[in-house]
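See structure below.
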Amino acid sequence: MPSTDLVTMRATDLARAIRDRAVSAREVMQAHLDQIARHNPAVNAIVSLRDPDALLAEAEAADRELKERGPRGPLHGLPHAVKDLSPTAGIRTTHGSPLFRDTVPEVDALHVARLRAAGALLIGKTNVPEFGLGSHSTNPVFGPTRNAYDPRKAGGGSSGGAGVALAMRMVPLADGSDHGGSLRNPAAWNNVLGLRPAAGRIPNSTEEVFLPQLGVLGPMARCTEDLGLLLSVQAGYDPRTPTAFREDPAAFAAPRPRELKGLRIGWIGDFGGHLPFEPGVLDLCEDALRVLSGEGAAVEPVLPAFDPEAIWKSWTRLRQWIIGATLAVHWRDPETRALMRPEAIWEVEQGQGLSAFDVHAASVTRTAWYHCVRELFTRFDVLAMPAAQVFPFAAEETWPREVGGRAMDTYHRWMEVVVPGTLSGCPVISLPAGFNAAGLPMGLQLIAPNRGEAELLAIAAAYEAVTGFDRVLPPALRG
């Protein structure tokens with residue numbers, strides 16, 4: 001089978017071909033290593049790539065295991081690069097920071113262990129912003145990840161390396177995480193899917209497991225079936241995460257399209273003018289909604305009865321509390337503080353100024369917003385918003401200082417559009433919405449009721465069948 005076919009196949013089809021021994025894991029590994037050699041120098045999505053000879057030897061071992069004992073799991077023989085915020089035993093994990101430039105963990109993160117147990121072959125890592133802060137994957141260790149559709153532009157973040165590697169067919173699947181749009185922004189900017197699950201769907205081996213988390217792990221993929229496959233591997237209860245869901249994740253493995261006729265969509269848009277957008281973003285998202293309405297969905301504008309600035313304030317305070325507490329150990333030492341990016345220092349110093357009462361008040365606001373969203377779901381099946389406020393910007397920039405004529409007062413204000421979904425705790429998917437005149441992609445967020453990942457997958461499968469977004473290739477791969 002030609003190597004170009006192997007890298008463009010759906011992950012589900014590729015895994016099946018390996019299991020059926022129509023193609024070897026070694027051939028699949030070689031095809032993806034060749035693709036990385038051809039295209040990664042232009043986009044810098046894969047980092048800490050392991051030795052190719054060692055990877056080919058592991059693929060050959062996977063072929064022998066398949067012959068002698070059968071497949072290890074549903075990802076048997078698939079090459080996979082893990083987001084560089086997650087510990088990987090024996091593979092460098094830098095967090096994009098000089099502080100961890102040479103760190104090689106001894107133990108896998110919980111979800112990484114699940115990838116290995118499912119048969120995935122870990123080839124390296126995907127690039128991130130330093131400490132995952134911001135939606136542009138650039139850092140002083142590896143430099144910037146560039147967009148799959150225009151290497152002069154940013155690839156998004158913080159799962160930017162994952163989104164670009166996926167779009168460039170350098171990996172069949174990609175894992176990511178999402179606090180402030182880190183799955184949704186790079187998905188939107190690279191014409192792929194990103195799913196932020198409900199908190200508790202995928203257990204996470206964090207140092208603190210009881211307090212409500214804003215960040216979650218999640219899958220990225222080029223098509224809905226692949227997205228469901230990876231979610232079925234990542235999800236599932238683990239006693240080390242007491243808040244994890246107990247539902248059987250196997251139900252996600254083969255999502256089927258739902259009937260779009262009668263689907264009720266509430267279009268929040270710019271939240272009554274509160275959110276500024278680069279020209280063309282809202283238009284593309286409304287075009288995507290027209291595709292859904294053309295299939296019988298009912299799309300209705302809706303303005304939530306909630307102060308959007310209160311949502312932002314609640315999120316930023318909780319974020320400063322969580323991130324500041326995590327990074328404070330490095331901030332306290334002047335030598336390590338000097339190696340931290342300004343945004344990380346800002347999060348710690350803002351977090352230091354918070355009282356326990358401030359954190360409680362922010363959490364009360366978060367609860368009130370959840371109940372507002374819950375009430376909206378009595379009228380709508382899903383809520384819709386753009387997945388970003390701007391199109392991909394120049395890769396040399398750190399973040400946009402102005403959007404739609406408005407100055408941005410923090411390094412992440414330009415991604416405020418993802419915050420309502422995050423703060424609700426509900427699952428959110430980013431669907432490809434199309435391209436502007438310059439050929440740059442945009443995405444549409446759909447927010448479902450709590451634990452509604454299966455519904456989002458079913459809608460995505462139906463949308464994919466109508467639009468064929470999964471068949472669009474980046475310019476560098478065309479012809």
Side-chain angles (χ1 to χ4, degrees), residues 85 95 129-135 158 177-184 196-218 240-245 271 274 304-333 336-337 340-375 408-428 447 450:
L85 297 182
H95 301 270
E130 187 175 350
F131 295 120
L133 300 179
S135 283
S158 63
S177 56
D178 189 300
H179 184 139
S182 293
L183 281 159
R184 292 164 281 169
R196 176 194 164 89
R201 179 62 67 193
I202 300 174
N204 195 0
S205 45
T206 53
E207 64 178 4
E208 196 290 311
V209 297
F210 287 103
L211 295 173
Q213 296 295 312
L214 290 171
V216 298
L217 301 166
R240 288 168 287 183
T241 305
T243 55
F245 301 163
F271 216 123
H274 174 77
F306 208 93
D307 177 11
E309 191 63 26
I311 296 172
W312 173 256
K313 185 176 180 181
S314 169
W315 178 78
T316 52
R317 284 188 169 183
L318 291 171
R319 179 179 171 90
Q320 290 157 4
W321 166 54
I322 294 168
I323 293 178
T326 302
L327 298 180
V329 64
H330 309 301
W331 179 88
R332 292 190 187 104
D333 184 332
T336 53
R337 186 193 310 171
M340 295 171 66
R341 65 183 289 184
E343 291 84 355
I345 293 172
W346 181 83
E347 293 283 5
V348 175
E349 292 179 347
Q350 293 295 311
Q352 279 198 319
L354 296 174
S355 70
F357 293 168
D358 292 330
V359 172
H360 180 265
S363 191
V364 168
T365 300
R366 181 185 186 186
T367 301
W369 169 239
Y370 169 73
H371 288 307
C372 176
V373 171
R374 186 175 58 83
E375 179 63 27
M408 299 290 101
D409 57 356
T410 70
Y411 77 95
H412 43 25
R413 175 74 87 154
W414 64 277
M415 282 296 296
E416 186 178 358
V417 71
V418 301
V419 171
T422 294
L423 204 68
S424 74
C426 296
V428 192
I447 307 169
N450 190 31

Checking Thr367 side chain against Ser363 main chain: does a donor-acceptor pair fall under 3.5 Å? yes
So, does Gln213 use its side chain to make a donor-acceptor pair with the main chain of Leu211 at under 3.5 Å? yes
Looking at Thr241 and Thr243, would you say the former's side chain and the latter's main chain have a donor-acceptor pair under 3.5 Å? no
Give the minimum heavy-atom separation between Pro242 and Phe210, together with the two atoms involved. CG-CE2, 3.7 Å
Less than 4.5 Å apart, side chain to side chain, heavy atoms only: is that true for Ser135 and Trp414? yes
Donor-acceptor pair, side chain of Ser314 and main chain of Ala362, under 3.5 angstrom: yes
How many angstroms lie between OG1 in Thr326 and CD in Glu207, if you round to the nearest 0.5 Å? 5.5 Å
Quick check: do Tyr370 and Asn450 have side-chain heavy atoms less than 4.5 Å from each other? yes
Please examine the side chains of Pro129 and Arg341, heavy atoms only from C-beta on, and report whether any two atoms are closer than 4.5 Å. yes
Leu318 backbone acceptor or donor facing Arg366 side chain under 3.5 Å: no
Looking at every heavy atom in both Cys426 and Ile447, which two are closest together, and how far apart are they? CB-CG2, 3.9 Å
Value for CD (Gln352) from CD (Gln320), rounded to nearest 0.5 Å, stands at 11.5 Å
So do the side chains of Glu347 and Tyr411 get within less than 4.5 Å of each other, counting heavy atoms only? yes
Atom of Trp369, atom of Pro420 and distance for their closest heavy-atom approach: NE1-O, 2.9 Å
Kindly determine whether Thr365 and Lys313 satisfy side-chain contact (heavy atoms from CB on, under 4.5 Å), including the steps that lead there. CA-CA 9 Å; Thr365 300; Lys313 185 176 180 181; over 6 Å; no
Do Arg317 and Leu354 touch side chain to side chain, with heavy atoms closer than 4.5 Å? yes
Give, for atom CD1 of Ile345 and atom CD of Gln350, the distance between the pair rounded to the nearest 0.5 Å. 12.5 Å
Parallel, tilted or perpendicular: rings of Trp315 and Trp312 (30°, 60°): tilted
Within the structure provided, determine whether Leu423 and Leu214 are in side-chain contact (heavy-atom separation under 4.5 Å). yes
Looking at Ser182, is its backbone amide N or carbonyl O close enough to the side chain of Ser158 to form a donor-acceptor pair, meaning the two atoms are under 3.5 Å apart? no
Specify the closest pair of heavy atoms between Leu217 and Pro203, including all atoms of both residues, with the distance to one decimal. CD1-O, 3.7 Å
Test item: Arg196 side-chain N/O and Val428 main-chain N/O as donor-acceptor pair under 3.5 Å: no
Find out whether Trp346 and Thr410 are in side-chain contact, i.e. whether some heavy atom of one side chain is under 4.5 Å from a heavy atom of the other. yes
Taking all non-hydrogen atoms of both residues into account, name the closest pair between Val216 and Pro197 and its distance. CG2-O, 3.7 Å
State whether a side-chain donor-acceptor pair under 3.5 Å links Arg184 with Thr422. yes
Do Leu133 and Arg319 have side-chain heavy atoms sitting under 4.5 Å apart? yes
Between His412 and Thr316, is a side-chain contact (heavy atoms from CB on, under 4.5 Å) present by the stated rule, with each step listed? CA-CA 9 Å; His412 43 25; Thr316 52; 4.2 Å; yes
Can you see which heavy atom on Glu416 is nearest to which on Pro308, and at what distance? OE2-O, 4.1 Å
Chi angles and distances behind the ring-ring contact (aromatic ring centres under 6.0 Å, His included) call for Trp321, His360: CA-CA 11 Å; Trp321 166 54; His360 180 265; over 10 Å; no
